[in-house]
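To start, the structure itself, in structure tokens.
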Number of protein chains: 2
Amino acid sequence: MSGDITTSRDADQTRQNILEVALKEFSEYGLAGARVDRIAKGTRTTKGMIYYHFGDKDGLYKAVLEEIYPKLRNSEEKLDKSNLNPIEELEKIIDFTFDYHKNNENFVRMVMIENINNGKTLRNTDIDTVLSQNILMELNSILKRGQDLGVFKRSITPIDLHLLYTSFCFYRVSNHHTVSTVLGMNMLSSSNSTRHKNLVKNMIITYLSSPEQ
Amino acid sequence: MSGDITTSRDADQTRQNILEVALKEFSEYGLAGARVDRIAKGTRTTKGMIYYHFGDKDGLYKAVLEEIYPKLRNSEEKLDKSNLNPIEELEKIIDFTFDYHKNNENFVRMVMIENINNGKTLRNTDIDTVLSQNILMELNSILKRGQDLGVFKRSITPIDLHLLYTSFCFYRVSNHHTVSTVLGMNMLSSSNSTRHKNLVKNMIITYLSSPEQ
DNA sequence: TTTCATACTAACCAGGTAGTCAGTTAAGTT
DNA sequence: AACTTAACTGACTACCTGGTTAGTATGAAA
């Protein structure tokens with residue numbers, strides 16, 4: 001029976017099962033709105049196991065939160081950027097960021113929720129599981145190469161560049177409910193998505209390529 | 001006694017007092033995390049009055065939410081834009097939006113919370129108290145004048161333009177906790193604020209001014 | 001096959017939380 | 001001054017919710 005997909009007595013599988021259900025619950029209802037009983041009901045195991053494996057509700061929340069950043073970074077690093085010039089590489093990164101936010105509303109919502117929580121949990125997390133060093137180094141290399149080639153004429157920090165495109169990719173997902181109501185549109189319609197994706201890329205590349213002042 | 005600032009038996013004053021305290025509570029803890037008892041304690045009145053005036057917790061939340069958009073729109077409309085060319089006028093609007101978000105974290109958090117709530121409450125609100133018609137019409141006029149003068153070379157909808165600058169202004173406040181941790185910086189430091197404000201304006205104006213394709 | 005730690009269950013509990021309600025007070029109205 | 005109604009109070013309650021615990025099953029080691 002040990003090859004069974006729902007083997008009992010497999011702590012890792014149990015933990016993983018709980019984490020999956022908890023991600024859905026937390027991202028749907030927030031930290032305060034999430035219900036441990038509802039999570040327990042959604043799993044193959046019982047409430048006691050949540051407390052056995054994760055200590056308390058906050059511990060479970062922390063475990064869920066700590067999973068989402070490495071997941072993003074792993075996908076990010078899978079991108080193949082060989083033989084690309086700086087503009088193409090930057091476009092590829094923005095494309096990826098745009099799609100990742102669009103396709104992972106759970107991620108976006110968890111980040112929102114953690115900010116409502118004043119970032120308390122993330123601040124108490126091991127810095128390495130969270131810091132975005134790789135992407136910043138890559139942006140730095142892109143900017144440097146672009147400047148050396150003369151195609152980028154602006155001086156900007158990798159962090160600011162990161163903020164410029166991420167803010168748009170994040171906002172259109174995080175705020176799609178209120179924005180769709182307030183501006184009278186459907187933010188996430190496929191036509192809007194297509195146009196928006198081109199718009200950010202275009203705006204950023206145009207900005208970087210245009211002469212200072 | 002009727003001129004007294006804390007006159008008892010003034011329903012409007014009581015409602016206002018409750019709303020002020022509730023805004024703080026909801027924006028700090030979210031809808032699910034807010035506590036009616038804690039709100040009641042913070043007011044000059046009692047919990048019964050909250051239910052008397054607002055029906056239930058959701059009714060109070062709705063009343064708080066319905067106040068924040070008109071407040072924003074009122075400030076927006078106070079801007080003096082006489083004798084400005086399209087670029088100056090757009091810069092003034094972006095400046096205002098940037099500052100409003102920076103100075104009203106409560107507003108930003110309420111919008112986040114309502115999105116975590118899937119926009120349910122806002123959707124059931126009278127459309128006129130929420131729709132941003134004026135600002136869109138103004139952006140439309142700016143774009144048209146800019147194109148007629150030949151200083152704006154891009155064709156873009158007012159809504160997309162609005163999204164481009166608002167997303168950045170919103171995100172740097174809404175996500176400052178996690179971003180500061182993940183990127184290892186202090187997002188809201190005054191030096192970052194100054195630079196960011198110039199950055200959005202610059203990027204948007206550069207984009208609009210540069211030739212299509 | 002006995003031992004033992006880990007994994008697990010189901011019933012339980014204390015405190016918290018939204019919401020209620022019977023009764024009181026203040027401010028007009030006639 | 002009696003009457004009426006809106007504004008208000010404080011004590012109460014039913015239920016929800018996070019967390020506990022006593023006890024059980026499993027599988028690997030010896």
Side-chain angles (χ1 to χ4, degrees), chain A residues 1-65 113 116-117 120-121, chain B residues 1-65 113 116-117 120-121:
Chain A
M1 270 302 141
S2 71
D4 200 330
I5 196 151
T6 53
T7 305
S8 54
R9 286 261 130 188
D10 182 330
D12 275 353
Q13 214 169 89
T14 303
R15 278 180 59 102
Q16 208 49 47
N17 179 223
I18 293 171
L19 283 173
E20 272 166 37
V21 180
L23 170 60
K24 275 187 205 156
E25 177 77 12
F26 282 123
S27 73
E28 186 165 351
Y29 298 102
L31 174 50
R35 294 293 168 254
V36 178
D37 286 285
R38 205 157 42 198
I39 294 172
K41 235 177 209 164
T43 65
R44 258 175 267 116
T45 182
T46 59
K47 185 158 72 145
M49 276 304 95
I50 293 174
Y51 288 90
Y52 178 74
H53 284 296
F54 299 98
D56 57 13
K57 190 186 180 184
D58 284 344
L60 177 57
Y61 171 76
K62 192 181 182 206
V64 169
L65 191 69
I113 288 159
I116 290 299
N117 191 31
K120 279 184 197 130
T121 306
Chain B
M1 270 299 145
S2 69
D4 200 330
I5 195 151
T6 53
T7 305
S8 53
R9 236 128 238 267
D10 180 331
D12 275 353
Q13 213 170 91
T14 303
R15 278 180 60 100
Q16 210 47 50
N17 179 224
I18 293 171
L19 284 172
E20 274 167 36
V21 179
L23 170 60
K24 275 188 203 157
E25 177 77 12
F26 282 123
S27 72
E28 185 166 351
Y29 298 102
L31 175 50
R35 295 292 168 254
V36 178
D37 286 286
R38 204 158 42 198
I39 293 172
K41 234 176 212 167
T43 66
R44 258 175 266 116
T45 181
T46 59
K47 186 159 71 146
M49 275 304 95
I50 293 175
Y51 288 90
Y52 179 75
H53 284 295
F54 299 98
D56 56 14
K57 190 187 179 183
D58 284 344
L60 177 57
Y61 171 76
K62 190 179 183 208
V64 169
L65 191 69
I113 287 159
I116 289 299
N117 191 32
K120 278 182 199 132
T121 305

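Naming: A, B, ... by sequence-line order, numbering from 1 per chain.
- Taking atom CZ of Phe54(B) as the reference point, atom C1' of dT20(C) lies 18 Å away to the nearest angstrom.
- The CZ atom of Arg35(A) sits 17 Å away from the P atom of dC15(D) (whole-angstrom rounding).
- The base of dG19(D) lies close enough to the side chain of Lys47(A) for a donor and an acceptor atom to sit less than 3.5 Å apart.
- In this entry the distance linking CE of Met49(A) with P of dT24(D) reads 16 Å, nearest Å.
- For Asp37(B), whose side chain is taken as the heavy atoms from C-beta onward, the closest listed nucleotide among dT9(D), dA7(C), dT17(C) is dT17(C).
- Of the candidates dT9(D), dG18(D), dC8(C), dG18(D) carries the atom nearest the Lys57(A) side chain, counting heavy atoms from C-beta on.
- Listed pair His53(B) / dC8(D) meets the phosphate criterion, a side-chain N or O lying under 4.0 Å from OP1 or OP2.
- Remark: Thr45(B) is not in phosphate contact with dA7(D), judged by side-chain N or O atoms under 4.0 Å from OP1 or OP2.
- Taking 4.0 angstrom as the limit, Tyr51(B) places a side-chain polar atom (N or O) nearer than this to OP1 or OP2 of dG19(C).
- At whole-Å resolution of the value, CD1 in Ile50(B) and P in dT17(C) are 14 Å apart.
- In this structure, Ala34(B) reaches the sugar-phosphate backbone alone: every heavy-atom distance under 4.0 Å involves primed, P, OP1 or OP2 atoms, never a base.
- The distance from atom OH of Tyr29(B) to atom P of dA18(C) is 13 Å, rounded to the nearest whole Å.
- Note: CG (Asp56(B)) to C1' (dT17(C)) measures 14 Å, nearest angstrom.
- Geometrically, Arg38(A) engages Tyr29(A) in a cation-pi contact, judged by NZ or CZ lying under 6.0 Å from the ring centre and within 45° of the ring axis.
- In this structure, the OH atom of Tyr52(B) is 13 Å from the C1' atom of dT25(C), given to the nearest Å.
- Put simply, the residue from Leu60(B), Ile50(B), Asp56(B) that forms a side chain to side chain contact (heavy atoms under 4.5 Å, CB included) with Val36(B) is Ile50(B).
- The shortest non-hydrogen separation linking Ile18(B) to Ile39(B) is O-CG2, 4.4 Å.
- Residue order along DNA chain D, read from the 5' end via each residue's closest nucleotide, puts Thr46(B) first among Gly33(A) and Thr46(B).
- In this structure a side-chain-to-backbone donor-acceptor pair under 3.5 Å is present from Glu25(A) to Arg35(A).
- In this entry the distance linking CG of Asn17(B) with C1' of dA7(D) reads 14 Å, nearest Å.
- Using a 4.0 Å cut-off, some side-chain N or O of Thr14(A) falls inside it from OP1 or OP2 of dC8(C).
- Heavy atoms of other residues, nucleotides or ligands lying less than 6.0 angstrom from NZ of Lys24(A) number 12 at most.
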